[in-house]
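What follows is one structure encoded as structure tokens, with my remarks underneath.
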Amino acid sequence: MGWVAVALAVAGFVLAMRSGRERLSRRGLDVVLAATGVCAAIGGLLIVGDVDTWSWIVAPVALAVGAVAQERALFAPGGPFRT
């Protein structure tokens, strides 16, 4: 089950970065990327198995924020993938 969640997160991220950048608003893209981060975190926690309660809180929040921050850094006007 965890690998399925991680695979869905990767597919959602790739789809959002390839076609969603042109079709979605800035806020819409942030929501999609945050959702893929949360999905990847939950999938990773399901793979690991025996994790404590704080992991279920911190990991999804960290990956949601990290996915949005990564997109903004890479596609910023001075970033390596600017368009």
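These numbers were taken from a predicted model, which means no experiment stands behind them. Numbers for residues simply follow the sequence, beginning at 1.
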Do [X] and [Y] sit in the same hydrophobic cluster, where Ile, Leu, Val, Met, Phe, Trp and Tyr count as joined when their side-chain heavy atoms come under 4.5 Å apart?
X     : Y     : result
Met17 : Val68 : yes
Val14 : Leu29 : no
Ile57 : Val65 : no
Leu24 : Val31 : no
Trp56 : Met1  : yes

Taking every non-hydrogen atom, the tightest pair across Val48 and Val51 = CG1-CG1, 3.7 Å
task = Determine the minimum heavy-atom distance between Ala5 and Cys39, stating which atoms define it.
result =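 Shortest heavy-atom separation between Ala5 and Cys39 comes out as O-SG, 3.1 Å.
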ask   = Listed by chain and number, what are the side-chain hydrogen bond (donor to acceptor under 3.5 Å, both in side chains) partners of Asp52, not counting sequence neighbours?
value =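 Testing Asp52 for side-chain hydrogen bond (donor to acceptor under 3.5 Å, both in side chains), a comparison that skips the adjacent residues, returns Ser55.
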message = Measuring only between side-chain heavy atoms, which start at C-beta, is Val32 closer than 4.5 Å to Phe13?
response = no
Qualifying residues under side-chain contact (heavy atoms from CB on, under 4.5 Å), relative to [X], sequence neighbours excluded:
X     : value
Ala41 : Ala59, Pro60, Leu63
Ala64 : Ala34, Val38
Ile47 : Trp3, Val6

request  = Could you name each residue pair satisfying salt bridge (Lys or Arg N to Asp or Glu O under 4.0 Å) that touches residues 2-11, not counting sequence neighbours?
outcome  = none
Selection residues 58-72 - residue pairs positive for salt bridge (Lys or Arg N to Asp or Glu O under 4.0 Å), sequence neighbours left out = Arg21-Glu71, Asp30-Arg72
